[in-house]
**Q** 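Input: one structure, supplied below.
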2 protein chains.
Amino acid sequence: MTVTRPSGDDLVEMLAALANPLRLRIVATLAGGRDYVSHLAREIGISRPLLHMHLQRLEAAGLVVGTLELSDDGKAMKYFEVADFDLHLTATSLAEAAATLTRSDPAKGSGEKEKN
Amino acid sequence: MTVTRPSGDDLVEMLAALANPLRLRIVATLAGGRDYVSHLAREIGISRPLLHMHLQRLEAAGLVVGTLELSDDGKAMKYFEVADFDLHLTATSLAEAAATLTRSDPAKGSGEKEKN
DNA sequence: TGCACGTGTCAGAAAACGCTTACACATGAA
DNA sequence: TTCATGTGTAAGCGTTTTCTGACACGTGCA
């Protein structure tokens, strides 16, 4: 498996997505096999809207992938599975990522168009 | 360097500490050498109280270490340096960590004393 | 005595986050 | 038609996070 090397902003988003016990559990459960939203919600023991929100965050970070499929009885099911990521976090690897950060850099002033 | 393998709760705390552009930049700067709070605040371009708060979070997560020292002219200086960590994040490694989570486990009910 | 430098901490506001409840729509089966 | 299943989404609310500003204390030096 190749090591993922995201940009600074992307890394922050991925870390923020993983820095939550519920979302960590969601990824862990999906690591055991793909599942659809309603069933996964029952499996973990949380409400479906809440799971929906967390899955959105995980998918936005590129950690899980969702695909809308049609079951045999014609129902629309959204299946999720974990993406193929491999993050390596070290002081030096973080320094490399931080060098590519575009937002919140008071030192560089407002180089970019950052609607902070 | 040995790979750090924290518990689920500790991992969440470490990830939360890193999931912030400013704190990522702080770690990156400290990776280039130890520094004391006031100087580091000027270096990064943020206020000292704000940096103080971020350093507290990073230290609580075990990512940086602070030591209070006395300079030659008798001033109390708090020097910070990065800790020696090496996190490896994979779907399976996250699953292992998630298995040790103690908080927010609706499936297990409230096994622990969790003042949620 | 006053200024410059270091430390720490507190109060308050704006924004983001986590969660519940309720609503909308679709399908197949009783 | 009604129920059970699946989907999505919006409103509301309490908590946490993030940040500024002001205060406290200490030392050395002009």
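Below, chain A is the first sequence line, B the second, and so on; all start at residue 1.
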**Q** May I ask you to test the B:Leu51-B:Phe80 pair for a side-chain heavy-atom distance under 4.5 Å?
**A** no
**Q** Contacts to DNA chain C from residues 27-40 of chain B, heavy-atom cutoff under 4.0 Å, which residues?
**A** B:Tyr36, B:Val37, B:Ser38
**Q** Distance from B:Thr4 atom OG1 to B:Leu63 atom CG, nearest 0.5 Å?
**A** 9.0 Å
**Q** Name the residue from B:Thr102, B:Val12, B:Leu11 that meets the side chain to side chain contact (heavy atoms under 4.5 Å, CB included) definition with A:Pro21.
**A** B:Val12
**Q** One pair to check against side-chain contact (heavy atoms from CB on, under 4.5 Å): B:Asp35 and B:Leu30. What are the steps and the verdict?
**A** CA-CA 7 Å; B:Asp35 201 354; B:Leu30 287 180; 4.1 Å; yes
**Q** Without decimals, in angstroms, what is the distance between B:Leu51 CG and D:dC19 C1'?
**A** 13 Å
**Q** With respect to the phosphate group of C:dG8, does any side-chain polar atom (N or O) of B:Lys78 fall under 4.0 Å of OP1 or OP2?
**A** yes
**Q** What's the separation between atom CZ in A:Arg25 and atom CG in B:Leu94, rounded to the nearest 0.5 Å?
**A** 13.0 Å
**Q** How long is the span from the CG atom in A:Leu87 to the CG atom in A:Leu15, to the nearest 0.5 Å?
**A** 7.0 Å
**Q** For A:Ile44 and A:Thr29, run side-chain contact (heavy atoms from CB on, under 4.5 Å): C-alpha distance rounded to whole Å, both residues' side-chain angles, the deciding distance at 0.1 Å, then the answer.
**A** CA-CA 8 Å; A:Ile44 300 184; A:Thr29 307; 4.1 Å; yes
**Q** Starting from the first five and the last five pairs of the helix from C:dT1-D:dA30 to C:dA30-D:dT1, work out the angle between the resulting helix axes, to 10 degrees.
**A** 20°
**Q** Using only modelled atom types and a 3.5 angstrom limit, is any donor from either the side chain of A:Arg48 or the base of D:dG8 paired with an acceptor on the other?
**A** yes
**Q** Calculate the interatomic distance between A:Gln56 atom CD and C:dC19 atom P; express it in whole Å.
**A** 15 Å
**Q** Could you state the atom-to-atom distance from CG of A:Leu15 to P of C:dC17 in whole Å?
**A** 14 Å
**Q** Rounded to whole angstrom units, what separation is found between the CG atom of A:Leu55 and the P atom of D:dT7?
**A** 10 Å
**Q** Which nucleotide, D:dG8, C:dG6, C:dT9, lies nearest any side-chain atom of B:His52?
**A** C:dT9
**Q** For nucleotides 16-18 of chain D, which of its nitrogen or oxygen atoms have a protein nitrogen or oxygen under 3.5 Å away, and what is each distance?
**A**
unit_1, atom_1, unit_2, atom_2, d
D:dT18, OP1, B:Asn20, ND2, 3.1
D:dT18, OP1, B:Arg23, NH2, 3.3
D:dT18, OP2, B:Arg23, NH1, 3.2

**Q** Round to a whole Å and report the spacing from CD1 of B:Ile46 to C1' of D:dC19.
**A** 10 Å
**Q** Backbone N or O of B:Asp10 within a donor-acceptor pair of the B:Ser7 side chain at under 3.5 Å?
**A** yes
**Q** So which pairs with a foot in residues 47-66 of chain B pass side chain to side chain donor-acceptor pair (under 3.5 Å), sequence neighbours left out?
**A** B:Arg23-B:His54
**Q** Between atom CG of A:Leu22 and atom CD1 of A:Ile46, what is the distance when rounded to the nearest 0.5 Å?
**A** 4.5 Å
**Q** Taking the side chain as every heavy atom from C-beta outward, state whether B:Thr67 and B:Arg34 have any atom pair closer than 4.5 Å.
**A** yes
**Q** Mind checking the CG-CG spacing from B:Leu89 to A:Leu89? Nearest 0.5 Å is all I need.
**A** 5.0 Å
**Q** Sort me out a list of protein N/O and nucleotides 25-30 of chain D N/O pairs below 3.5 Å, or just none if empty.
**A**
none

**Q** Can you tell me how far P of D:dG6 sits from CD of A:Glu43, to the nearest Å?
**A** 13 Å
**Q** Is a side-chain donor-acceptor pair under 3.5 Å present for A:Asp73 with A:Ser71?
**A** yes
**Q** Transitive ILVMFWY cluster of B:Tyr36 at side-chain heavy atoms under 4.5 Å: who else is in it?
**A** B:Met77, B:Tyr79
